[in-house]
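Some notes on the structure that comes next.
Heavy atoms only: backbone and side chains are in, while hydrogens, waters and symmetry mates are out. Please read these numbers as outputs of a predicted model, since none were measured by experiment.
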Amino acid sequence: MNFKHYNQRQTTLLLYSFDDFISEKHPVRVVDQVVESINIQPLLKAYSKEGNPS
């Protein structure tokens, strides 16, 4: 697919991760787990393999 890569735990030029700034008990971690667990294969099959990245 021509989707741009996305990594929530990616480090920046200063070698820290935004993940380091979010507490272990913050509700956004639940949202991240739910989004990461979604099977997007049926959605990917609906897109054309031609064209520019989104």
Side-chain angles (χ1 to χ4, degrees):
M1 301 271 39
N2 289 325
F3 292 107
K4 293 183 180 181
H5 177 73
Y6 168 77
N7 181 354
Q8 179 70 22
R9 288 157 189 84
Q10 167 181 323
T11 57
T12 63
L13 284 174
L14 301 175
L15 299 179
Y16 64 84
S17 169
F18 290 112
D19 195 45
D20 297 337
F21 297 107
I22 301 170
S23 71
E24 292 295 322
K25 302 283 185 187
H26 197 283
V28 76
R29 294 196 180 271
V30 174
V31 174
D32 181 53
Q33 288 177 348
V34 170
V35 169
E36 291 298 322
S37 69
I38 296 172
N39 179 10
I40 63 168
Q41 290 305 316
L43 178 64
L44 294 178
K45 288 180 183 178
Y47 280 90
S48 170
K49 293 184 171 138
E50 300 174 4
N52 292 326
S54 58

Sequence-distant partners of V35, side-chain contact (heavy atoms from CB on, under 4.5 Å), two or more places apart: V31
Not counting sequence neighbours, list each pair that qualifies as a side chain to side chain donor-acceptor pair (under 3.5 Å) and has a residue in residues 18-32. R9-D32, D19-R29
Show me, pair by pair, the donor-acceptor contacts under 3.5 angstrom made by side chains of residues 37-44, not counting sequence neighbours?
residue: S37; atom: OG; partner: Q33; partner atom: O; Å: 3.4
residue: S37; atom: OG; partner: V34; partner atom: O; Å: 2.8
residue: N39; atom: OD1; partner: Q41; partner atom: N; Å: 3.0

